[in-house]
Amino acid sequence: LGLLAMLQRQFRILALVRDASANQPSPNELARTLKLHPFVVQKSLSQVRGFTAEELRTANARLLDIEMQSKSSSLDPRLLITTFVADVAISPTSGR
């Protein structure tokens with residue numbers, strides 16, 4: 001569940017940076033607005049280019065589903081997370 005929490009945080013940050021970067025030209029200004037460390041914003045800006053807004057929304061929803069399934073069913077969380085990572089890695093618009 002620790003890995004799941006880290007993935008949720010990362011995709012939440014990516015979604016925030018993607019949404020806010022349309023209005024904030026400077027990474028430092030973006031960091032202040034989002035109350036994130038400038039290094040986190042800088043790295044996120046380079047990562048967010050590989051995702052559409054819809055992909056980030058879908059990823060966040062899937063991570064929430066994985067968390068709920070992990071806590072309420074007998075499904076193996078490792079399998080759910082592995083499947084999620086594989087799906088994200090081969091996303092058609094990600095260029096990966």
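Source: prediction; values computed, not measured. Quick note: numbers below take in every heavy atom, side chains included, and nothing from hydrogens, waters or symmetry partners.
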> Just how far is it from atom CD of E29 to atom CG of N23, taken to the nearest 0.5 Å?
Replying inline: 10.0 Å
> Going from NZ on K43 to CG on L14, what distance comes out if it is rounded to the nearest 0.5 angstrom?
Replying inline: 13.0 Å
>> Does V41 form a side chain to side chain contact (heavy atoms under 4.5 Å, CB included) with I13? I'd like the steps, not just the answer.
In response: CA-CA 8 Å; V41 171; I13 288 171; over 6 Å; no
> By side-chain contact (heavy atoms from CB on, under 4.5 Å), which residues pair with D19, not counting sequence neighbours?
Replying inline: none
> Out of curiosity, R57 CZ to F11 CZ, how far, rounded to the nearest 0.5 Å?
Replying inline: 14.0 Å
>> Testing the basics here: between Q10 and S44, what is the closest heavy-atom pair and its distance to 0.1 Å?
In response: NE2-OG, 4.3 Å
> Which atoms form the tightest heavy-atom contact between A20 and L34, and what is the distance?
Replying inline: CB-CD2, 4.0 Å
>> Working to the nearest 0.5 angstrom, can you tell me the gap between L7 CG and I81 CD1?
In response: 6.5 Å
> If you round to the nearest 0.5 Å, how far is CZ of R18 from CD of E55?
Replying inline: 8.5 Å
> Transitively linked via ILVMFWY side-chain contacts under 4.5 Å: M6 with F51?
Replying inline: yes
>> Using 0.5 Å steps for rounding, measure from the CG atom of L4 to the CG atom of L80.
In response: 9.0 Å
Table please: side-chain donor-acceptor pairs of residues 61-71 below 3.5 Å, with sequence neighbours left out.
from : atom 1 : to  : atom 2 : distance (Å)
R62  : NH1    : D87 : OD2    : 3.2
R62  : NH2    : D87 : OD2    : 3.0
E67  : OE1    : Q8  : NE2    : 3.0
E67  : OE2    : K71 : NZ     : 2.9
S70  : OG     : I66 : O      : 2.8

>> Does any part of the side chain of L56, heavy atoms only, come nearer than 4.5 Å to the side chain of V48, both counted from C-beta?
In response: yes
